[in-house]
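Each ligand, and each atom within it, is numbered from 1 in the order the structure gives.
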Amino acid sequence: MRILVLGGAGYIGSHTVYELIARGDEVIVVDNLETGHREAVHKDAIFYEGDIRDRAFVDFVFEKQKVDAVIHFAANSLVGESMENPLKYYDNNVCGTKVLLESMVAHGIDKIVFSSTAATYGEPERIPILETDKTEPTNTYGETKLSMEKMFKWTGRAHGLRFVSLRYFNACGADETGCIGEAHAPETHLIPLILQVPNGKRDYISIFGDTYPTKDGTCVRDYIHVTDLAAAHILAVKYLVDGGESNIFNLGNGVGFTVKEVIETARKVTGHEIPAKVEGIRAGDPAVLVASSEKARTVLGWNPVHNELEEIIASAWNWHKNHKDGYQ
Ligand code: UFG
């Protein structure tokens, strides 16, 4: 198949491109390189630098390239930034997707797999979280992703387009080749921040609060390997090609780890003592976020294989220790 990957130079996008190419698909990558990295684009992918808000550019790509389906990662994704600059998120995430959908409809492209988030749920009403649970985002990032899901739904009804929305929990780890990995600036995610300590770039890791109602007082998250996320996108494309109806799936391991457990596992993996300091809570952090991914397993046949936290952190460490400054 020929798959257009929007945001294919970013963290999860680049891993999905590697998986697609390994499985023999032809891949066209579009990325504006605002947060993505040219070095992360697989050498066998066709690459266009450009922005999905630019209708002429998106039309140009669809006219140049025959495309069977689109996988859409092109978005801003920092929760804190989304609260300080909400309109940046509406502009890129919501308005960008509107332009993309207009162009897809005009060119008769009717299948899209979309990168969504656990942040669409907000404070969960129960654990594990099901796709049918209420969606009340507590930040602009999650709100824009939910708006994008709804835009797909209504556009689909009007124009016959079908979509799969994949709501990720905590993406982490790196490709086993060691060629690509997580590289955000600024970095806000727990595992890469922890690994900055053994890399000599940080003296200690901050623990954001230890009085949550969890087993050791620190927040619980569902950490899922990026290569398993990539595999889910490919299964979702197959599901749509096989005639599946529009659908939404959670993607997580279904197992929660506390911040302290993640730090302890990183100590074991790296052999470094990794000093930690308890600090104040980060506003908006739910105590526990754990997915039920039963639906993805049953309907898509998804079976995450890198489900040991130690293995996940070891793969992240393999990337970070050799790329202390990311792709620079
Ligand atoms: N944390 C720390 N110290 C740090 C960084 C994080 O204690 O230096 C804690 C956070 O408070 C949180 C946990 O580690 O409890 C995980 O934090 P991350 O920032 O790695 O991930 P989040 O769970 O906040 O965010 C993830 C995704 C977001 C998504 C969100 C949904 O990365 O894209 O889940 O709630 F929006």
At what distance is the nearest protein heavy atom to [atom], and which residue and atom is it?
{"atom": "atom 15 (O) of ligand 1", "answer": "C219 CB, 2.9 Å"}
{"atom": "atom 23 (O) of ligand 1", "answer": "R221 NE, 2.7 Å"}
{"atom": "atom 25 (O) of ligand 1", "answer": "N170 ND2, 3.9 Å"}
{"atom": "atom 11 (O) of ligand 1", "answer": "D285 OD2, 2.5 Å"}
{"atom": "atom 27 (C) of ligand 1", "answer": "H189 NE2, 4.2 Å"}
{"atom": "atom 9 (C) of ligand 1", "answer": "V259 CG2, 3.8 Å"}

Give the atom numbers and elements of ligand 1 that come within less than 4.0 Å of a heavy atom of [X].
{"X": "V79", "result": "36 (F)"}
{"X": "I205", "result": "8 (O)"}
{"X": "T117", "result": "29 (C), 36 (F)"}
{"X": "L289", "result": "35 (O)"}
{"X": "I207", "result": "7 (O)"}
{"X": "S206", "result": "2 (C), 3 (N), 4 (C), 7 (O), 8 (O)"}
{"X": "L193", "result": "5 (C), 8 (O)"}
{"X": "A119", "result": "31 (C), 36 (F)"}

ask   = Touching ligand 1 at all, G142? Heavy atoms, strictly under 4.0 Å?
value = no
key: Sub-4.0 Å heavy-atom approach of Y223 to ligand 1   = yes
key: Pair W319 + Y327: ring centers closer than 6.0 Å   = yes
message = In this structure, is the centre-to-centre distance between the rings of Y168 and H233 below 6.0 Å?
response = yes
request  = Please work out which of Y141, Y204, F208, F169 has its closest non-hydrogen atom nearest to atom 33 (O) of ligand 1.
outcome  = Y141
ask   = Considering residues, nucleotides and ligands other than K153, do more than 12 of their heavy atoms fall under 6.0 Å from its NZ?
value = yes
Does the side chain of [X] pick up a donor-acceptor pair with the side chain of [Y] at under 3.5 Å?
{"X": "S103", "Y": "D59", "answer": "yes"}
{"X": "E81", "Y": "Y141", "answer": "no"}
{"X": "S315", "Y": "H225", "answer": "yes"}
{"X": "K88", "Y": "N93", "answer": "no"}
{"X": "D216", "Y": "T258", "answer": "yes"}
{"X": "E149", "Y": "S165", "answer": "yes"}

Is the side chain of [X] donor-acceptor paired with the backbone N or O of [Y] at a distance under 3.5 Å, no angle test?
{"X": "D68", "Y": "I3", "answer": "no"}
{"X": "H323", "Y": "D325", "answer": "no"}
{"X": "R221", "Y": "F257", "answer": "no"}

Is it the side chain, the backbone, both or neither of [X] that has a heavy atom closer than 4.0 Å to ligand 1?
{"X": "Y168", "result": "neither"}
{"X": "T218", "result": "neither"}
{"X": "R282", "result": "side chain"}
{"X": "T188", "result": "backbone"}
{"X": "L190", "result": "both"}

request  = Could you label the plane-to-plane angle of the F152 and H72 rings as parallel, tilted or perpendicular, counting under 30° as parallel and over 60° as perpendicular?
outcome  = perpendicular
